[in-house]
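Below is one structure, written out as structure tokens, with a few remarks after it.
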Amino acid sequence: MASGRHAVARLYNRLSAGFSCAYVYTRLLALQIERPVLSNMQGRHARNTQGSQSFRERARTAARQANAKGSTVSFADGFREARGEGKRWRKPERKPRKPKKMNPVKKAINDWCNRLLGVVSEGSFDQEEEFASHKTTRDYICNTIGTGAWGMVFPVLTIVVTQLCGVEQAGMFSMAFIIGTLLMIIGNFGMRTYQVSDIKQAHSFSDYQISRVITCIAMMVVAYVYCGIRGYNEQMFTICMGVCVYKMVDGLADVYEGRLQQMDKLYLAGISQAFRSVVVFLVFSLFLLITRDLGLASIAMAVAAVATFIVLTFPLALLETPKSRRQSAESVIALFKQCAPAFIALFMYALIDNMPKFVMETALSYDNQLYFNALYFPAQAILLTVGFVYKPLLVRMAQMWADAEKRNRFHLVILAIVALVIALTLVVIFFMGWIGIPIMSFMYGIDFEQFRGLSYIMIAAGGVTAIIDFLYQVITVLRRQKSVMKLYVITFGFSLFVPILLIDFTGLPGAVIGYLIVMTILLVLLVWEYISICIDLMHHPERAEAVVAAERRASQQEAGMAGRNASSAAAARRETPAEEPIREYTAQVYHEEEPPHGQPPAPRN
């Protein structure tokens, strides 16, 4: 009997061990610790180094304990006990993933926001500059993008207004934009070129800021008074003031973007200009799409322009340029005196250029404003394209003129640019005759086929204005920009009666033809003046040296005046590496003197 009981006990222990093994394997699979294949499971556990024993050793130990004589411990209990002696197996940790690279645009926005938060928390703009200077290629690309975006705001917005609000309101918006662009010349006061060429900083940046604030306030006062005198209704008054605020911000931002250019960071100025233009376009279009209210959209455009100035332009100029010395009332007054001739010339030119539009406002309906400006936009493309070509060459042209042996090349460059303008004008005429008119009709939703002949005349006028713009720059290089004033006075006299007579007789065609006639008169006068200057300097070469000497004395007087206002100008500001390359090319071109103080005509809308 005893042997029978022992045999039953051994059988029970073996069965219990077998069921326990099955139980253990089932539990391990349920806990998803090992793979279902036994061989793989044993191999994986054999490689486990976290426990004190391998799986096979723990199983053998539990089996020996269960099979021992007189043992009352089952295989499962023994396996659990052996398993508990070591650390429980844990899933190995995954390797940390590499952080994803942030989008460059998003990174730039985050970095800029951090800098602005730093300014707010510290209450100061005294931070280390993060953007390099003297990036010629970047300067050219970004400035081109910024200028192009600024020039495209008006044409694109007129298309948006025409599609959403109709021709009449688009004409009202066009007239408001013309008024704002004209008054923006008051805000700029012809200071941009003078500021950029002030390499020795005879006037502090604080002087330029104060003078610009004064001119921008004067601009808005004139805008308010003009709208009141014209007797605009509530809608037109709102549209005009909204556009004028936007253009005022453009004028105010110009002095800060000029500061960036002065410190050889023109590409930052281009980014600022492009950002403001894009934001204004998006905000205006969105509000007009939602509300269909042109006055409300104009106010939104003004608010967006102010926001971009506060968020980007203003802090960017102060963070990325050296700290300026304190302002001086005497220096501000001298700055106004120096820039007054350029301002008067620019303002008179703008009046001549826009006189047909002001005459149309009194004699024709507002839809004619849209037609006139839409026909002018292809002509403006000629002006902008030629400007992109010749403006980078102005420094070389000044070098050629300074060297008497290379002056023949100077004249050849002028002839080449004029030939380029003529060729480009013919190309635009061919393009408009081919598919340009249908494209304009599609964009505006208006049949421009009836204006095909006027389109060709306007493009010819655009070529004439491009040559006028270039010749003004040439005369500036020759240091004779003051002689242009009398030419503007003569042309302004013609602009007072030629458009009036033609518009009264023929309407819109008279405005286009009158514009071409007046611009041609100014071109003839400028060509005659250029030829007279060349003949005069050819017979009296010593006069060119006298002009250079006079500029040297004027520069010394300005520097002396600035020295009296500041005990030490060099100590008052931090010297930057950006000044050195500017000083080098200025010395080469102008023999250590400042570049000419004239201001070229601004792009017209």
Side-chain angles (χ1 to χ4, degrees), residues 154-155 158 162 166-179 181-182 226 229-233 236 240 347-380 382-383 425 428-429 432-433 436-437 440-441 444 446-468 487-527 604-605:
F154 183 31
T158 54
T162 305
V167 177
E168 186 72 16
Q169 292 199 44
M172 296 171 63
F173 180 77
S174 299
M175 192 65 222
F177 220 96
I178 292 164
I179 295 171
T181 304
L182 176 64
Y226 177 81
I229 294 175
R230 288 290 301 162
Y232 289 142
N233 58 31
M236 184 60 184
C240 191
F347 196 76
M348 289 192 64
Y349 181 85
L351 282 176
I352 295 169
D353 187 61
N354 292 292
M355 188 58 67
K357 303 169 188 176
F358 288 105
V359 175
M360 283 194 301
E361 187 183 20
T362 59
L364 304 175
S365 58
Y366 277 115
D367 56 344
N368 290 277
Q369 294 287 344
L370 174 66
Y371 301 145
F372 187 94
N373 287 285
L375 293 173
Y376 180 72
F377 291 146
Q380 187 183 20
I382 300 174
L383 179 66
T425 302
V428 175
I429 290 175
M432 293 300 295
I437 297 296
M440 287 181 60
S441 300
Y444 285 92
I446 302 170
D447 184 15
F448 276 92
E449 189 64 35
Q450 56 183 326
F451 304 123
R452 180 177 289 272
L454 293 180
S455 174
Y456 300 152
I457 297 174
M458 185 65 82
I459 294 172
V464 171
T465 56
I467 298 176
I468 290 173
L487 307 183
Y488 285 163
V489 172
I490 296 172
T491 309
F492 181 72
F494 282 100
S495 69
L496 289 177
F497 68 88
V498 172
I500 294 176
L501 294 176
L502 293 176
I503 291 173
D504 286 340
F505 277 107
T506 60
L508 179 62
V512 177
I513 297 172
Y515 179 71
L516 176 60
I517 292 174
V518 172
M519 290 294 106
T520 304
I521 292 172
L522 180 57
L523 175 61
V524 172
L525 293 175
L526 282 173
V527 172
R604 293 165 297 282
N605 294 309

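This is a predicted model, so every value here is computed, not measured.
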Atom pair OG (S455) and CD (Q450), whose distance is rounded to the nearest 0.5 Å: 12.5 Å

Taking every non-hydrogen atom, the tightest pair across P155 and Q380: CG-OE1, 4.4 Å

M432 vs I459, side chain to side chain contact (heavy atoms under 4.5 Å, CB included): CA-CA, chis, key distance, verdict: CA-CA 9 Å; M432 293 300 295; I459 294 172; 3.4 Å; yes

Straight-line distance of M360 CE to T362 OG1, nearest 0.5 Å: 10.0 Å

With F451 via ring pair (Phe, Tyr, Trp, His ring centres under 6.0 Å) - residues at least two apart: Y371, F448

Summary of side chain to side chain donor-acceptor pair (under 3.5 Å) pairs that have at least one residue in residues 490-507, sequence neighbours excluded: none

Aromatic plane relationship, Y349 with Y488 - under 30° parallel, 30 to 60° tilted, over 60° perpendicular: tilted

Validation row: L523, M519 side chains within 4.5 angstrom (heavy atoms): no

Taking every non-hydrogen atom, the tightest pair across Y226 and I179: CE2-CD1, 3.6 Å

Please tabulate, one pair per line, all N/O donor-acceptor pairs under 3.5 Å involving side-chain atoms of residues 168-177, not counting sequence neighbours.
unit_1	atom_1	unit_2	atom_2	d
Q169	OE1	Q235	NE2	3.2
S174	OG	A170	O	2.9

Sidechain-backbone polar pair: Q369 side chain, K357 backbone, donor-acceptor under 3.5 Å: yes

Exam field: side chain N354 to backbone A350, donor-acceptor pair closer than 3.5 Å: yes

Minimum heavy-atom distance between L487 and L522, given as atom pair plus value: O-CD1, 4.2 Å

Atom pair CE (M458) and CD1 (I513), whose distance is rounded to the nearest 0.5 Å: 10.5 Å

Distance, nearest 0.5 Å, that separates CG of L508 from CG of L502: 12.0 Å

Spatial distance of atom CZ (F372) from atom OH (Y515) [nearest 0.5 Å]: 6.5 Å

Those residues that, when tested against L351, pass side chain to side chain contact (heavy atoms under 4.5 Å, CB included) (two or more places apart): L182, F347, F492

Closest contact, heavy atoms only, P356 versus I503: O-CD1, 3.7 Å

Distance-minimising heavy-atom pair for A466 and L383: CA-CD1, 3.6 Å

4.5 Å side-chain heavy-atom contact, T158 and N373: no

Audit row: Y444, L370, side chain to side chain contact (heavy atoms under 4.5 Å, CB included) steps and yes/no: CA-CA 10 Å; Y444 285 92; L370 174 66; 3.9 Å; yes

Closest non-hydrogen atom pair, Y456 against G433: OH-CA, 3.2 Å

Donor-acceptor contact below 3.5 Å, side chain S441 vs main chain I446: yes

Side chain to side chain contact (heavy atoms under 4.5 Å, CB included) involving L501 - partner list, sequence neighbours excluded: F497

Derivation of the side chain to side chain contact (heavy atoms under 4.5 Å, CB included) call for Y366 and M236: CA-CA 11 Å; Y366 277 115; M236 184 60 184; 4.1 Å; yes

Salt bridge (charged side-chain N to carboxylate O under 4.0 Å, His left out) contacts in which one or both residues fall within residues 361-378, not counting sequence neighbours: R230-E361

Separation between OG1 of T425 and CD1 of I467, rounded to the nearest 0.5 Å: 7.0 Å

